[in-house]
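Down below is the structure, laid out as structure tokens.
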Amino acid sequence: MIPISEQMDLLRAGTLEIIKEAELEEKLARAGKEGRPLVVKQGFDPSAPDLHLGHAIGLRKLRQFQDLGHRVVVIIGDYTGMVGDPSERSDTRPRLTHEQVLANAATYNEQLRKIVDPDPAKLEVVMNGAWFSRMSFADVMDLAGKYTVARILERDDFTARFKGELPISIHELFYPLMQGYDSVEIRADVELGATEQKFNCLVAREIQKAYGVEPEVVMLLPVLEGTDGVKRMSKSTGNYIGISEAPREIYGKTMSVPDEIIARYFELAACVSDEEAAEVRRELADPAVNPRDLKRRLARAIVALYYSEDEARGAEEEFDRIFAKGGLPDEIPEPEVVLAGQGDLSSVWIVAVVKGAGLAASNGEARRLIQQGGLRVDGEVVRDVDYALSLEEPRLIQAGKRRFVRIVPANVRLEG
RNA sequence: GGGGAGGUUCCCGAGUGGUCAAAGGGAACAGACUGUAAAUCUGUCGGCGAAGCCUUCGGAGGUUCGAAUCCUCCCCUCCCCA
């Protein structure tokens with residue numbers, strides 16, 4: 001058994017705040033004495049089926065708890081997902097249907113296993129519909145009676161929306177209460193969350209007390225910025241790097257991160273040691289060091305974390321080939337191409353080809369791409385929007401710097 | 001229930017009878033450059049084989065040669081009063 005003080009050091013590493021440390025210490029001690037593992041909770045919003053590097057921070061902390069012998073309960077918020085977390089939102093979220101939520105939640109399970117220990121004794125994944133779907137209206141009123149409007153409105157984003165005269169639907173006020181009730185149901189000892197979850201987690205403590213359950217310890221973790229370097233990483237913003245993405249995608253997306261957050265990514269996304277992080281900061285400050293090279297190292301480290309050193313090197317080689325040397329990727333998709341209003345394969349209008357291959361959403365977009373010099377056919381730039389192309393032979397089409405498509409006659413369908 | 005302010009293209013937001021497919025910013029896409037899918041700069045950014053035409057400014061009608069802009073009704077949001 002590891003001494004409590006060491007457990008605390010381990011768990012404290014990388015967390016921004018623990019509410020309250022003394023309670024955690026107490027819980028750890030009791031768990032050790034009674035041989036009863038702690039229940040560690042983290043909730044996920046099922047609106048986005050891809051787990052990304054931001055989620056990974058919390059998942060790794062969950063893993064630490066598991067390795068110390070504790071039990072992790074991951075809550076897929078299928079019911080809360082129908083509300084949508086109002087955190088950091090300036091507007092009402094679009095409501096998902098229950099079917100959408102279920103479909104999204106299904107993919108979480110598999111992805112979780114990339115980081116968290118899947119041993120059923122140490123991991124439980126539940127959807128909060130398990131209890132919310134069974135609550136009667138009287139139960140809901142009971143829950144609603146445990147908290148006050150003023151306390152809910154203390155929350156920044158509600159206040160901001162309220163002051164900004166923006167709509168807040170009644171059901172959104174329930175979000176923190178529901179999240180809190182999850183903690184009641186599973187008897188959570190600890191809840192992990194990114195800093196923006198502080199309010200929700202603190203409400204959970206109150207709700208637990210109101211239901212006569214010992215309040216959970218709240219551990220707040222840093223929020224990772226997305227690939228734009230500013231907004232927090234999230235699927236809906238489109239600035240995320242998914243942990244299940246292909247190595248080349250993870251590598252490439254990492255390379256697109258602004259230089260300013262390289263060090264932060266080393267710490268939070270590549271989770272290097274403190275010494276290494278310090279070394280990176282030194283190098284970043286050194287004008288002789290090209291930040292690009294640090295970013296390459298970062299990208300390799302992140303890929304290696306989810307795949308392997310080999311795959312990381314492979315992704316790097318491919319990246320260099322495409323961007324530094326203008327070469328080709330390892331795999332080039334061969335999509336179905338539907339051509340409308342074209343006579344035969346020997347002479348096909350280039351605009352129709354680009355659109356048909358899915359490289360542009362409309363003829364206008366395809367035309368623009370061509371006019372701007374962004375289109376290559378078999379390596380040659382084509383700028384003529386009236387260009388006629390024979391598709392009787394396979395063709396390599398490149399749109400911009402990184403979208404490649406091979407058109408083979410067998411995949412071409414003429415329509416109209 | 002009464003009074004007031006609003007709903008504009010992916011997002012924010014200007015526009016109050018023609019010069020509006022609609023300013024500006026963001027996002028996105030392309031090009032240049034480079035140290036990289038960073039930064040910066042430039043261009044594009046509703047649809048149509050591009051000519052002119054078609055569809056768009058909460059919805060439905062109406063006025064007008066002409067409507068995002070004016071009128072009527074409806075839907076939705078916010079504020080104040082009750």
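Quick caveat: nothing in here was measured; it's all calculated off a predicted structure.
Mapped onto RNA chain B by nearest heavy atom, A/Phe162 and A/Arg383 fall at different nucleotides, with A/Arg383 at the one closer to the 5' end.
The aromatic ring centroids of A/Phe323 and A/Phe319 lie less than 6.0 Å from each other.
Ranking B/C48, B/G35, B/U77 by closeness to the A/Pro291 side chain, first place goes to B/G35. Of the candidate nucleotides B/A37, B/G49, B/G43, B/A37 has the atom lying nearest to any side-chain atom of A/Arg402.
In this structure, A/Leu112 and A/Leu59 have side chains that are in contact, with non-hydrogen atoms separated by less than 4.5 Å.
Between B/G49 and B/A5, the distance separating the two P atoms is 46 Å to the nearest Å. Nucleotides B/G7 and B/U69 are separated by 14 Å at their C1' atoms, to the nearest Å. The same atom, P, is picked in B/A82 and in B/C75; the two are 26 Å apart, to the nearest Å. Remark: the separation of the P atoms in B/A14 and B/G25 is 15 Å, to the nearest Å. Remark: the separation of the C1' atoms in B/G24 and B/A37 is 27 Å, to the nearest Å. Across B/G26 and B/U44, the matching P atoms stand 15 Å from one another, rounded to whole Å. Remark: the separation of the P atoms in B/C57 and B/A21 is 14 Å, to the nearest Å. Nucleotides B/C10 and B/U42 place their C1' atoms 23 Å apart, quoted to the nearest Å.
Atom P of nucleotide B/A38 and atom CG of A/Asn290 are separated by 14 Å, given to the nearest angstrom. Taking atom CG of A/Leu284 as the reference point, atom P of B/G35 lies 18 Å away to the nearest angstrom. A/Leu375 places its CG atom 22 Å from the P atom of B/G43, with the value rounded to the nearest Å. A straight line from CZ of A/Arg367 to C1' of B/G47 spans 11 Å, rounded to a whole angstrom. Atom OH of A/Tyr251 is separated from atom C1' of B/A38 by 14 Å (rounded to the nearest Å). In this structure, CD of A/Gln371 is placed 16 Å from C1' of B/U42, rounded to the nearest angstrom. Taking atom CG of A/Asp228 as the reference point, atom C1' of B/C11 lies 14 Å away to the nearest angstrom. The distance from atom CZ of A/Arg368 to atom C1' of B/U42 is 17 Å, rounded to the nearest whole Å.
Contacts of A/Gly252 with the nucleic acid, taken as non-hydrogen atoms under 4.0 Å apart, include base atoms. Among the protein residues, A/Gly364 comes within range of the nucleic acid bases, having at least one heavy atom under 4.0 Å from a base atom.
A donor and an acceptor atom sit less than 3.5 Å apart, one in the side chain of A/Asp259 and one in the base of B/G35. Taking only distance into account, the side chain of A/Gln372 meets the base of B/G43 through a donor-acceptor pair shorter than 3.5 Å. At a cut-off of 3.5 angstrom, counting only N and O atoms as typed in the model, there is a donor on one side and an acceptor on the other between the side-chain of A/Gln342 and the base of B/G49.
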message = Quick one, A/Glu267 with A/Arg264, criterion salt bridge (Lys or Arg N to Asp or Glu O under 4.0 Å). Give me CA distance, side-chain angles, the key distance, then yes/no.
response = CA-CA 5 Å; A/Glu267 287 166 20; A/Arg264 205 163 154 76; 5.6 Å; no
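Between A/Ser256 and B/A38, a side-chain N or O to OP1/OP2 separation shorter than 4.0 Å is absent. Put simply, A/Lys231 has no side-chain N or O that comes within less than 4.0 Å of OP1 or OP2 on B/A27. For the pair A/Arg403 and B/A30, the criterion of a side-chain N or O lying under 4.0 Å from OP1 or OP2 is met.
Nucleotide B/U44 has B/A28 as its partner under the Watson-Crick or G-U criteria, with both atom distances under 3.5 Å. The pairing partner recorded for B/A39 is none, the criterion being a Watson-Crick or G-U wobble arrangement whose two distances lie under 3.5 angstrom. Base-pair partner of B/G1: B/C81 (Watson-Crick or G-U wobble, both distances under 3.5 Å). Here B/G6 sits opposite B/C76 as a Watson-Crick or G-U wobble pair (both hydrogen-bonding atom distances under 3.5 Å). Base pairing annotation: B/U69 forms no Watson-Crick or G-U wobble pair, as no partner gives both donor-acceptor distances under 3.5 Å.
One side chain, A/Lys61 or A/Gln64, offers a donor N or O that lies under 3.5 Å from an acceptor on the other. In this structure, a donor-acceptor pair under 3.5 Å is present between the side chains of A/Gln179 and A/Glu191. A side-chain donor from one of A/Lys41 and A/Ser183 sits under 3.5 Å from a side-chain acceptor of the other. Using modelled atom types and a 3.5 Å distance limit, the side chains of A/Ser308 and A/Asp310 yield no donor-acceptor pair.
Stacking is found between A/Trp349 and the pyrimidine-like six-membered ring of the B/G49 base under the 5.5 Å centre-distance and 30° plane-angle cut-offs.
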